[in-house]
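Each chain gets a letter, A, B and so on, in the order its sequence line appears, and its residues count up from 1.
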Amino acid sequence: MREYDSKAIEAKWQEVWEQSKMFATPDTVEGKENFYTLVEFPYPSGNLHVGHWYAFSIPDIFARYQRMNNKNVLFPIGFDAFGLPAENAAIKRGLNPREWTLSNMDVMRTQLRTMGSSFDWSREVVTCDPTYYRWTQWLFLKLFEKGLAYQKETPANWCPSCKTVLANEQVVAGHCERCDSIVEKRLMKQWNLKITDYAERLLNDLESLPWPEPIKEAQRNWIGRSEGAEIDFKIKDSDKALTIFTTRPDTLYGATYVVLAPEHALIAELATQASNTSEISAYVQATKNQTEIERIAEGREKTGVKLEGVMAINPANNEEIPVYVADYVLGSYGTGAVMAVPAHDERDWEFAKKFDLPIKYVVAPYFLDVTENSKTRPGVEVKNRVIGVGILKHWSENKYLMLDWKNGWTGFITGGVEEGESHPDTVVREIQEETGYRNVRFVKDLGGPNIADFYAPHKNLNQHVFGYGMYFELLDGEQDQVADEEKAKHDPVWIDEEGVLLFLEKGAPMGDARYSKLFWNRLKTGNYVWADEGKVINSEGFSELSTEDARKKITDSVGGRWVTRYKLRDWGISRQRYWGCPIPVVHCASCGPVAVPEIELPVVLPEIADYLPTGEGKSPLAKATEWVNVTCPKCGGAAQRETDTLDTFIDSSWYYLRYADAHNTDVFASLEKQKQWVPVDFYSGGAEHTTMHLLYSRFFNKALFDLGLVTESEPYVRRMNRGLILGPDGNKMSKSKGNVIDPDEIVRNLGADTVRIYLAFIGPYNEVGAYPWNPDGVVGARRFIERVWRLRDRITDEATSIELDTALHQTIKKVGESIDIFKFNTGVPALMTLLNVMEKSAVVSQEVYETMLRLLAPFAPHVSEELWYDLGHTTSIHLEQWPSFDVSKLTSGEVSIAVQVNGKVRGVLTCPQGTPEATVLALARGDQKIAPWVEKGSILRVVYIPDKVLNIVVGGD
RNA sequence: GCCGGGGUGGCGGAAUGGUAUACGCGCACGACUCAAAAUCGUGUCUCGCAAGGGAUGAGGGUUCGAGUCCCUCCCCCGGCACCA
């Protein structure tokens, strides 16, 4: 047979499929279910890279598979064509952004075809085309009418290089996501969408979506729902009060100062009351002008200024506490003011340490012992005990003194505090009594109390213990005699630093071990903050309540309000750019912002000569004065068009709807067509869009749903984030590293089918992995196709072996399952394994070979088509049905059973399928390899997993 | 720091709690060839002559049986950056 010429074959079939419009999708097909497979559409950057191949050619396998399973599959494609790169090209190279974009799209269309992808090009959507953005504008106006789009003067992220505003989400660690410049803050009047109105629904509706849990979790965190209390703190000598938000009102008694965000509205008023007005305004001014990056560069060192002479009153205990302004409190979250509880919040702790503010402990770590031996016993007397826990260091070595109790317990030196005795005195006394050491120096307090409940068997008491930790150093080894009575109870042992925690965990009652460990960690790390739950202490009538219990009770007692807050902020959608969808609004001096009448849509983006931003934060469109100046649609007076354009995330928030009805000139998508296709059955895209595009799009869809414009409240049924293809060196591909793989070149040399097979094979597509491109590995994929090609010459009409038949049916099952769950990296190997069996078989029937070709067709569409026709068929293999497997042919009737003795495999028996346990056992005992192991003892138990494993448990002797 | 995902041969990776290392790459040897490439065949976790032992980041646990489930710890990758 002739050579496998991938280039000629692929060109030929791509042409045939295109001419015959094989993949144009009708809206309905008799007897077929509709199935909508969507891949995030590309930005027309100019060139397809390997990442695009991974993004589009792999879901193409899935689309083709669904078609062979009798589905009417919509697999559309288009371009997310508005965006900054076009504008940058215009500015830097003097090109026309539209022409730049359109010519890039032409190049990419050609490249996309070389994949052999089965896109329906007849529904192509291009967001910069007026026939598309007409509807983007129309939908924006619907949201505007509904009150979901509004203008707001807000501090915006300002990129001095792009001369444009960025969304919070587009700022990466203080830098512009696109150009990497340092981002500043600037006040601007901008359009926003009220996504926060939908926070609750966006969160709750995640519940029933069959998405991967990590994606749902990321959205939950992004929405950031938290419940807490709003509590008013009165200002002394003033009728004012400030409202703080806290998720931990249970720590109210520990609040020792209050902090306002620099943006807080009350600062101006309070500053006049303070004696250091100018210092305060200087600080506020300084933080305002600070860029995000400067805040980070500060190394997170806390800064702030006290409002001298201004005191707030803690409503819980009426204590007067100072008020600070500090930038570690954010104006955009909660109420922009917090109560600071340094004992139970890391940030407050740092700030309090720096400004020497009081620290008050109001939550005790609480440990309830749940181990069998020492959990509290019902009906047994409960005794309160205050104990001192002493960590004692050796006088010359890095070792610590611990007790090894005869009852199996372990721990530091501890002792009950007696009436009138100080905590350190207790521990010093215990050290002398229990170990005889005399010369001890108290070094520092390790805090407390930590509370624990456990059962003490030697006293037959339930102990309710308040533990206080202390650190001591031994001055020398001078030692008294220890009483015999003490010696009988425990041995003192010196444990080196690394061994301390291990020794504790070995035998201490769990409660004891955990609070002892806490004291140890405080000693080693200096971190005294307890931000977790526990028992409330030092809080008047609320002491001894669990923190959870105390939250609402303390809130109620001070007249606080229980509220729900979200991290999610409204979506800023104004962009001071040219190359975007014009916002269809006219600003009138007397009527305010007025919607452009529907009949005048689209507001067409005018051609302009100069694409540079004005530099004052206005879009270059502001320079198109003829376009800008219009009459007000409402009053007929002079008015100006809005010159900002829309965030491109708006364009991509509804494109999946347009694919369902791409050519409709009356509506953006008719309800009838929507019902046929929406929701999207499967949506594949990049992990970077988990919280941006994916959340925006869900919001947009829900808003349209409420307007009766769409039929589904969730747009995407199944979602998968794909991974990344790295360069051969294991790094992200980049021109500077010189590790970029050019797919065009590889397709030219090895063929599109080879690249598809290799990408499918490289790793699991259902996980967000990163897979290095291995140039040798690609050759393996090519070799596989060539072997399939060569095998064609060996096919005959004779019947094939049972062995081959079994392998075939197993492969049908395996490959289908692998595609269903997007683990193509197990499907391709299954095909390779089948090929290995076929090559070794004396006879390969045409039927078996053709079945194998059908399994291969979604992966390698060109070569399978070529071979299919070569075998005499006159219609495309891609119109064939996916083969079905026969359950009875999945095994050859013989199975190999692993025989284990005490869990270790000692031999393998080949038996007819369904052999009963007794027979297998008898065979095992008669097997000369297995028998000696069985005979080593008497059989205690036999576990038999039919057709798989026989485990013989042999006992003692 | 917080959140999420992972640690299995030389490499990419496979494995409903049931014979760990499928499949591919690489490597070694052999066949074909004057020779090479291509192709085909055999081998390839590790220690051991063998019988057998040991390995899925480390340590413990549950189980007849653990890469898989539970606990403690270490390390790597991705995302977010003071969210009260």
Side-chain angles (χ1 to χ4, degrees), chain A residues 169 171-174 212-215 217-218 220-222 224 226 228-229 244-249 251 255 259 261 292 295-296 300 302 326-330 332-341 344-348 350-351 501-502 505 531 565-569 687-688 690-691 723-724 726 730 757-758 761-764 767-781 783-784 786-787 790 823 825-833 835-836 839 896-908 929 932 940-945 947-954:
Chain A
E169 292 83 351
V171 180
V172 179
E213 199 48 43
I215 299 181
E217 194 59 19
R220 280 187 206 113
N221 291 342
W222 194 265
S226 61
I244 61 96
F245 173 70
T246 177
T247 55
R248 294 296 300 271
T251 63
V259 190
E292 298 270 329
R295 283 200 190 188
I296 292 165
R300 280 194 263 156
K302 295 275 179 291
D327 64 5
Y328 82 92
V329 173
L330 306 178
S332 57
Y333 182 74
T335 59
V338 302
M339 65 176 198
V341 185
H344 305 293
D345 183 284
E346 296 272 1
R347 294 153 301 179
D348 297 343
E350 279 175 42
F351 192 84
L501 289 177
L502 282 174
E505 271 159 22
R565 291 282 184 173
Y566 300 91
K567 277 199 265 185
L568 186 69
R569 295 176 212 166
E688 69 276 19
T690 303
T691 50
L724 217 61
L726 306 174
I757 293 266
Y758 177 64
F761 181 75
I762 199 166
E767 288 171 24
V768 188
Y771 312 107
W773 178 279
N774 178 352
D776 291 328
V778 193
V779 172
R783 285 208 276 256
F784 166 66
E786 286 175 353
R787 283 163 60 202
R790 284 197 296 269
K823 288 201 64 161
N825 62 322
T826 62
V828 175
L831 284 166
M832 289 173 167
T833 306
L835 182 65
N836 289 342
E839 283 176 337
S896 60
I897 297 173
V899 179
Q900 302 178 332
V901 178
N902 290 342
K904 279 206 183 298
V905 179
R906 296 300 179 188
V908 178
K929 219 180 148 197
L940 298 179
R941 187 178 165 186
V942 176
V943 178
Y944 182 55
I945 308 299
D947 298 340
K948 277 193 175 157
V949 171
L950 181 81
N951 189 11
I952 306 165
V953 185
V954 173

### Message
Taking donor-acceptor contacts at under 3.5 Å, does the side chain of A/Lys948 reach the base of B/U16?
### Response
yes
### Task
Considering just the side-chain nitrogens and oxygens of A/Tyr333, establish if one lies under 4.0 Å of OP1 or OP2 belonging to B/A84.
yes
### Query
C1' atom, B/U46 versus B/G61: distance in rounded Å?
27 Å
### Minimum-distance nucleotide to A/Val329 side chain [options: B/A22, B/A84, B/G18]
B/A84
#### Entry: Nucleotide B/U19, atom C1' - distance to CD1 of A/Ile952 in whole Å
14 Å
### Query
Which nucleotide sits closest to the side chain of A/Lys302: B/C82, B/C80, B/C40?
B/C82
### Query
Which listed nucleotide (B/A84, B/A14, B/C23) is nearest to the side chain of A/Val338?
B/A84
### Query
Given B/A15, B/G18, B/C80, which nucleotide is nearest the side-chain atoms of A/Lys823?
B/A15
#### Entry: Out of B/C23, B/G12, B/A14, whichever nucleotide has its closest atom nearest the side chain of A/Pro772
B/G12
### Task
Counting heavy atoms from C-beta on, name the nucleotide in B/G4, B/G13, B/C80 closest to the side chain of A/Glu217.
B/G4
## Note on the structure
Across every strand shown, the nucleotide meeting Watson-Crick or G-U wobble geometry with B/G59 (both distances under 3.5 Å) is B/C71
### Query
Are A/Arg248 and B/A84 close enough that a side-chain N or O sits under 4.0 Å from OP1 or OP2?
no
### Nearest to side-chain heavy atoms of A/Thr247, which nucleotide of B/A84, B/A15, B/C80
B/A84
### Query
Expressed in angstrom and rounded to an integer, what is the separation of A/Arg941 atom CZ from B/U63 atom P?
10 Å
### Query
How far does the P atom of B/G12 sit from the matching atom of B/A81, given to the nearest Å?
31 Å
### Task
Using only side-chain N and O atoms of A/Asn825, determine if any of them is under 4.0 Å from OP1 or OP2 of B/A14.
yes
### Query
Hey, does the side chain of A/Lys904 come within less than 4.0 Å of B/G54's phosphate (OP1/OP2), counting only N and O?
yes
### Query
Do A/Asn774 and A/Tyr758 have side-chain N/O donor and acceptor atoms under 3.5 Å apart?
no
### Message
Rounding to an integer number of angstrom, what distance separates B/G17 and B/U68 when you compare their C1' atoms?
### Response
7 Å
### Message
Work out how far the P atom of B/G67 is from that of B/U16, and round it to whole angstrom.
### Response
13 Å
### Query
Contact class for A/Arg220 vs. all strands (heavy atom < 4.0 Å): base, sugar-phosphate, or nothing?
nothing
### Message
If you assign each of A/Asn221 and A/Asn902 to its closest nucleotide in RNA chain B, which residue comes earlier from the 5' end?
### Response
A/Asn221
### Message
If I pick the C1' atom on B/A20 and the same atom on B/A66, what distance separates them, to the nearest angstrom?
### Response
11 Å
#### Entry: Under-4.0 Å salt bridge between A/Arg783 and A/Glu786
no
Atom pairs, N/O to N/O, protein against nucleotides 25-27 of chain B, distance under 3.5 Å?
residue	atom	partner	partner atom	Å
B/C25	OP1	A/Arg783	NE	3.0
B/C25	OP1	A/Arg783	NH2	2.8
B/G26	OP2	A/Arg783	NH2	3.0

### Query
Out of B/G12, B/A20, B/C80, which nucleotide sits closest to the side chain of A/Ile762?
B/G12
## Note on the structure
Separation of B/C23 atom P from A/Leu831 atom CG, nearest Å, is 14 Å
### Message
Could you tell me how far B/C32 sits from B/C40 if I compare only their C1' atoms? Round to whole Å.
### Response
8 Å
### Query
What's the CZ-P distance between A/Phe784 and B/C40, to the nearest Å?
13 Å
### Message
Pairing check on B/A15: which nucleotide meets the Watson-Crick or G-U wobble criteria with it, both distances under 3.5 Å?
### Response
none
### Query
Of all the choices, B/U19, B/C82, B/C23, which nucleotide is nearest to the side chain of A/Asp327 once you look at every atom?
B/C82
### Task
Using both distances under 3.5 Å as the test, list the Watson-Crick or G-U wobble partner of B/C29, or none.
B/G41
### Query
Which is true for A/Ser332 with a 4.0 Å heavy-atom rule: it touches a base, it touches only sugar-phosphate, or it touches nothing?
nothing
### Query
Which is true for A/Phe245 with a 4.0 Å heavy-atom rule: it touches a base, it touches only sugar-phosphate, or it touches nothing?
base
### Query
Considering only B/C23, B/A84, B/A14, which nucleotide approaches the side chain of A/Pro764 most closely?
B/A14
### Query
Should A/Asn951 be listed as having a side-chain N or O under 4.0 Å from OP1 or OP2 of B/U19?
no
### Six-ring centre of A/Phe351, A/Lys302 cation under 6.0 angstrom, axis tolerance 45°
no
### Gap in Å between the two C1' atoms, one belonging to B/C74 and one to B/A58, rounded
7 Å
### Task
Please check the phosphate of B/A81 (OP1 and OP2 only) for any side-chain N or O of A/Lys567 closer than 4.0 Å.
no
#### Entry: Sugar-phosphate, base or nothing in reach of A/Asp348, heavy atoms under 4.0 Å
nothing
### Base-pairing assignment for B/C82 (Watson-Crick or G-U wobble, both under 3.5 Å)
none
### Message
I want to confirm an ordering. Mapping A/Val949 and A/Asp345 to their closest nucleotides on RNA chain B, which one lands closer to the 5' end?
### Response
A/Val949
### Query
When we call it a touch if two heavy atoms are under 4.0 Å apart, what does A/Val908 touch: a base, just sugar-phosphate, or nothing?
base
### Task
Report yes if a side-chain nitrogen or oxygen of A/Arg906 is closer than 4.0 Å to either non-bridging phosphate oxygen (OP1 or OP2) of B/G53; otherwise report no.
yes
### Query
Taking O4'-C1'-N9-C4 for purines and O4'-C1'-N1-C2 for pyrimidines, is B/G26 syn (within 90° of 0) or anti?
anti
### Query
Who does B/G4 pair with, Watson-Crick or G-U, both distances under 3.5 Å?
B/C77
### Task
Please measure how far the P atom in B/C11 lies from the corresponding atom in B/G57, and state the result in whole Å.
13 Å
